[in-house]
J.: 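Here it is, the structure in full.
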Amino acid sequence: MQSVLEIKGLTTHIKTKAGTIVPVNGVSLSVLKGEIVGIVGESGCGKSMMAMSVLQLLPAAGKIVDGQALFEGADLLGMNKRQMRSIRGDKISMVFQEPMSSLNPTMKVGKQVSESLILHTKASRAEAKERTVQIFQEVGIPDAQRRYNSYPHQLSGGLRQRVMIGLALALKPALMIADEPTTALDVTIEAQILKLMKGMQAASNTSIILITHNLGIIAELCSYVYVMYAGQIMEQAPVFELFAEPKHPYTQGLLKSLPMLGEHREKLHAIPGSVPNLASLPPGCSFCPRCDIATSACYTLKPGLEKISEARKARCLLYSKGVAL
Amino acid sequence: MSNLAFVKADSLVKEFSIKPEGISFMRAASVQAVSGVSFEINRGETFALVGESGCGKSTIGRLSIGLLKPTSGSVYIDGIELGSLSGSDMKRMRSKMQIIFQDPYSSLNPRMRALEIVAEPLLAHKVYSSRAQAMQESMHLLEMCGISSSLASRYAHQFSGGQRQRIGIARALALRPQYIVCDEPVSALDVSIQSQIINLLVELQEMLQLSYMFISHDLSVVRYISDRVCVMFLGKVCEIGNTNEIFGSPRHPYTKLLLEAVPKADPTQRKDKDVLLGDMPSPINPPSGCRFHTRCPYKKGICSELEPALEIKGDRSVACHFPFS
Ligand SMILES: Nc1ncnc2c1ncn2[C@@H]1O[C@H](COP(=O)(O)OP(=O)(O)OP(=O)(O)O)[C@@H](O)[C@H]1O
Ligand SMILES: Nc1ncnc2c1ncn2[C@@H]1O[C@H](COP(=O)(O)OP(=O)(O)OP(=O)(O)O)[C@@H](O)[C@H]1O
Ligand SMILES: [Mg+2]
Ligand SMILES: [Mg+2]
């Protein structure tokens with residue numbers, strides 16, 4: 001199948017007081033047409049920086065040092081600001097955790113969506129307004145006609161996120177990048193938003209990159225999953241295979257440590273230690289200080305991301321010879 | 001049973017007045033955060049409060065340890081009504097009750113070393129005659145909570161989120177409380193760290209015979225840790241009882257839909273679920289009749305007219321005109 005986005009060997013540096021860190025370290029991933037791809041990992045592992053790199057929205061201290069991000073055949077990383085701005089509005093859209101930060105607080109929400117339609121589709125003012133109300137209805141905003149005239153702060157978190165998704169989908173983008181889109185919401189509102197995203201993907205064949213730390217959301221929505229740790233992909237697999245038989249000790253540990261709604265677990269498995277600090281990563285495998293089955297080799301060899309079956313890869317010395325430091 | 005209960009809350013009501021800013025001619029409105037809530041917590045038991053944002057969980061937690069005074073109703077700890085206590089008796093009673101917060105970052109003094117943070121309540125209550133003894137006890141508490149003595153002289157900001165939560169727990173244990181309110185103690189932590197803290201709380205409970213009120217919006221965690229659970233909606237109890245029974249066969253529609261909304265970390269259980277419609281109603285102007293009726297897919301005529309009473313059947317109570325059997 002045709003891929004919409006193909007990231008190859010993306011590496012990003014950020015200058016910090018503690019030295020240069022590498023939040024995105026040789027990441028490759030591909031997103032097929034109409035597919036929902038999940039990226040899961042703990043806080044600080046580089047998920048957002050990866051998305052920001054692709055969209056050229058890195059903070060000033062950040063710099064892409066290597067890699068490609070091929071979107072419809074062209075490398076996004078080589079585009080200038082103007083080209084990138086037009087792609088971001090038109091073909092790739094984004095939804096963030098806190099919709100307040102991406103909406104303009106001084107402009108009515110309806111107007112924000114219709115302006116974008118006017119800018120990108122050359123619709124007339126009246127057409128754009130009509131289409132916006134229709135979009136608001138599609139994303140389940142009650143009383144859409146009246147909500148058109150609301151300011152962002154007058155809406156609840158769930159409604160603001162609907163506006164963002166409406167805005168993101170108004171231009172029928174080929175790709176949507178959603179970074180923790182429901183993390184700030186209550187669980188019943190989260191379920192509404194996830195259902196909405198799934199419906200949109202099914203209706204318009206939009207590809208979605210869904211970034212989250214919630215394995216439940218991954219299991220419910222995604223077809224293919226990348227597990228990130230300390231700036232690297234540790235494991236990648238089709239969703240059913242990943243949950244049925246995780247291959248990397250990190251993924252295994254994560255799944256074992258989840259309390260489950262449907263079953264009682266005697267004692268929760270706990271991955272020892274803490275989430276790594278990118279400024280002081282161990283040599284060798286970055287997960288080995290927390291790994292149950294680490295051997296002395298894990299401290300001295302860097303595992304590569306090896307193919308372990310048709311559609312799966314894992315970065316562990318169980319499957320890789322590793323590279324000496 | 002009721003004479004065994006360590007904590008007993010009877011018909012708690014808490015109103016907050018909210019003054020509209022800068023509009024002097026408007027009367028101060030009030031919001032009823034808690035509207036007639038009763039429950040009991042036995043010794044050594046974990047009692048969970050669940051419900052969506054703003055339903056009154058934290059307010060109840062604070063009422064239950066006397067950090068807030070109820071507008072009406074009473075709290076009894078070990079048979080003694082908190083409202084009847086004089087200042088000095090209340091201070092003594094306070095040491096039996098502690099609270100742990102969600103945010104381990106803001107609840108610890110950044111200018112103090114871990115050892116001092118934990119010793120502070122011991123010194124303030126003059127538990128030991130010498131400072132050295134207090135420090136020794138502090139070290140003991142830190143080690144019990146998984147912070148090794150080699151780290152005890154670090155400052156709060158030098159610890160990771162999970163470690164800070166351990167320090168917060170060690171501090172809460174200093175005065176040998178019998179009852180601890182855990183207000184979202186793991187919500188800010190990464191999955192791999194959450195299970196460490198949950199396991200610690202469970203171990204401490206067994207060792208010290210603690211009673212917990214466990215406040216969380218994560219139903220999987222609640223299922224794992226609690227003996228009994230109270231499901232709340234907009235300041236009212238929907239359903240209260242044994243956790244396994246309520247999660248196994250919810251009787252209130254809200255409980256059922258809340259459980260269904262949780263994303264399950266198992267892709268083989270994917271299904272197209274009914275999502276709970278609408279937004280949270282405003283607590284300032286709650287719906288007539290049953291507060292849940294505006295979102296309830298099973299509502300009938302009476303639900304908008306008459307508030308359902310909490311029907312008590314043994315250890316299980318439900319407030320609904322048409323509960324599931
Ligand atoms: N503006 C910045 N300046 C310096 N360092 C940064 C900046 N933004 C992020 N970082 C660092 O880059 C690393 C990756 O951050 P990133 O935001 O991508 O993590 P994430 O996986 O999205 O985490 P979360 O789940 O918390 O959103 C972290 O170590 C973070 O501290
Ligand atoms: N000091 C206060 N003054 C005014 N209103 C308050 C105050 N404290 C709480 N409230 C209101 O009381 C209601 C219940 O708040 P509470 O913090 O108990 O909810 P919660 O269930 O803990 O929510 P969350 O899950 O978001 O922590 C909310 O509507 C809140 O806005
Ligand atoms: Mg992020
Ligand atoms: Mg709260």
Side-chain angles (χ1 to χ4, degrees), chain A residues 40-45 140 142 155-159 182 185-196 198 212-223 238-240 242-244 250 253-265 267-275 277 290, chain B residues 50-55 146 159-164 186 188-200 202-203 217-225 233 243-244 247-248 254 257-280 282 295:
Chain A
V40 67
E42 297 180 279
S43 64
C45 73
L155 303 179
S156 67
L159 283 181
T182 60
L185 304 175
D186 271 319
V187 53
T188 63
I189 310 295
E190 171 175 89
Q192 294 172 3
I193 300 289
L194 295 178
K195 187 169 185 166
L196 176 67
K198 210 156 139 183
T212 176
H213 62 272
N214 185 328
L215 285 156
I217 293 179
I218 295 279
E220 291 217 344
L221 243 64
C222 300
S223 53
V239 72
F240 288 93
L242 187 88
F243 281 82
Y250 174 56
L254 275 185
L255 286 173
K256 271 194 286 179
S257 67
L258 284 186
M260 301 285 260
L261 251 194
E263 62 180 88
H264 186 74
R265 295 193 164 178
K267 191 166 175 180
L268 293 180
H269 173 81
I271 300 179
S274 27
V275 175
N277 177 352
R290 305 178 69 192
Chain B
V50 301
E52 290 174 280
S53 173
C55 71
F159 290 95
S160 69
Q163 288 172 322
R164 285 185 240 209
V186 297
L189 302 176
D190 276 305
V191 192
S192 73
I193 308 301
Q194 273 191 19
S195 53
Q196 295 177 3
I197 299 297
I198 292 170
N199 286 343
L200 174 65
V202 172
E203 277 163 31
H217 61 264
D218 185 333
L219 292 155
S220 315
V221 171
V222 164
R223 164 99 210 230
Y224 176 76
I225 202 168
F233 188 82
T243 305
N244 285 335
F247 280 39
Y254 180 58
L257 291 161
L258 200 58
L259 285 167
E260 277 175 9
V262 178
K264 316 283 181 301
D266 180 358
T268 62
Q269 283 188 30
R270 270 185 199 182
K271 60 174 180 192
D272 196 25
K273 47 192 176 190
D274 297 331
V275 300
L276 196 49
L277 299 175
D279 249 327
M280 199 53 116
S282 158
R295 297 183 78 187

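The chains referred to below are lettered A, B, ... by the order of the sequence lines, with proteins before strands, and numbering in each begins at 1. Worth saying up front: this structure is predicted, and the values here are computed from it rather than measured.
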J.: In sequence, state the C-alpha distance, the side-chain angles, and the governing distance for Lys264(B) and Leu261(A), and then conclude on side-chain contact (heavy atoms from CB on, under 4.5 Å).
T.: CA-CA 8 Å; Lys264(B) 316 283 181 301; Leu261(A) 251 194; 3.9 Å; yes

J.: Side chain to side chain donor-acceptor pair (under 3.5 Å) with Ser282(B): which residues, sequence neighbours excluded?
T.: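 Ser282(B) satisfies side chain to side chain donor-acceptor pair (under 3.5 Å) with no residue once adjacent residues are dropped.
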
J.: For Ser160(B), which atoms come within 4.5 Å of any heavy atom of chain A: side chain, backbone, both, or neither?
T.: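 Interface part for Ser160(B): side chain.
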
J.: For residues Asp190(B) and Glu42(A), report the shortest heavy-atom separation together with the two atoms involved.
T.: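 Closest approach of Asp190(B) to Glu42(A), heavy atoms only: CB-OE2, 3.2 Å.
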
J.: Which bit of Ile198(B) comes within less than 4.5 Å of chain A, counting heavy atoms only: side chain, backbone, both or neither?
T.: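 Contact with chain A involves the side chain of Ile198(B) alone.
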
J.: Taking all heavy atoms of Arg295(B) and all of Ile189(A), pick out the closest pair and write down the distance.
T.: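 Looking at all heavy atoms of both residues, the closest pair is NH2-CD1, 3.8 Å.
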
J.: So do Lys256(A) and Ser195(B) actually touch side chain to side chain, heavy atoms under 4.5 Å?
T.: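 No, too far: nothing below the 4.5 Å cut-off.
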
J.: Any idea which of Gln192(A), Lys195(A), Lys198(A) has the most non-hydrogen atom pairs under 4.5 angstrom with chain B?
T.: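 Ranked by heavy-atom pairs under 4.5 Å with chain B, first place is Gln192(A).
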
J.: Looking at every heavy atom in both Gln196(B) and Ala270(A), which two are closest together, and how far apart are they?
T.: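 Gln196(B) and Ala270(A) have their closest heavy atoms at CG-CB, 3.7 Å.
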
J.: Which value, rounded to the nearest 0.5 Å, describes the distance between Ile271(A) atom CD1 and Ser192(B) atom OG?
T.: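 OG of Ser192(B) is found 4.5 Å from CD1 of Ile271(A).
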
J.: What's the shortest heavy-atom distance between Pro259(A) and Tyr224(B), and which atoms?
T.: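 Looks like CB-CB, 3.9 Å.
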
J.: For Ile218(A), is it the side chain, the backbone, both or neither that has a heavy atom under 4.5 Å from a heavy atom of chain B?
T.: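 Interface part for Ile218(A): backbone (N, CA, C, O).
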
J.: Relative to chain A, which segment of Ile197(B) carries a heavy atom at a distance below 4.5 Å: side chain, backbone, both, or neither?
T.: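 No part of it gets close to chain A.
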
J.: By a 4.5 Å heavy-atom criterion (distance strictly below it), what part of Asp218(B) contacts chain A: side chain, backbone, both, or neither?
T.: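 No part of it gets close to chain A.
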
J.: Return the CG to OG1 distance between Leu257(B) and Thr188(A), rounded to the nearest 0.5 Å.
T.: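 Output value for this atom pair is 9.0 Å.
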
J.: Could you check whether Lys267(A) pairs with Glu203(B) (Lys NZ or Arg NE/NH1/NH2 to Asp/Glu carboxylate O, under 4.0 Å)?
T.: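 Counted as a salt bridge, because a side-chain N and a carboxylate O are separated by less than 4.0 Å.
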
J.: If you count heavy-atom pairs under 4.5 Å with chain B, which of Ala244(A), Gly216(A), Ser156(A), Ala191(A) comes out on top?
T.: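 When all of Ala244(A), Gly216(A), Ser156(A), Ala191(A) are compared, Gly216(A) has the most.
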
J.: Any idea which heavy atoms bring Pro267(B) and Phe240(A) closest together, and the distance?
T.: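 Closest approach of Pro267(B) to Phe240(A), heavy atoms only: O-CE2, 3.4 Å.
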
J.: Of all the heavy-atom pairs spanning Ala219(A) and Asp266(B), show the shortest one and how long it is.
T.: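 So the minimum-distance heavy-atom pair works out to CB-N, 3.5 Å.
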
J.: I need the Ser274(A) OG to Gln163(B) CD distance, nearest 0.5 Å.
T.: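 Between Ser274(A) OG and Gln163(B) CD, I get 5.0 Å after rounding to 0.5 Å.
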
J.: Could you give the distance from CG (Leu221(A)) to CZ (Arg270(B)), rounded to the nearest 0.5 Å?
T.: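 Separation between the atoms: 7.0 Å.
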
J.: Please flag which part of Leu185(A) lies under 4.5 Å from any non-hydrogen atom of chain B: side chain, backbone, both or neither.
T.: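 Leu185(A) has no heavy atom closer than 4.5 Å to chain B.
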
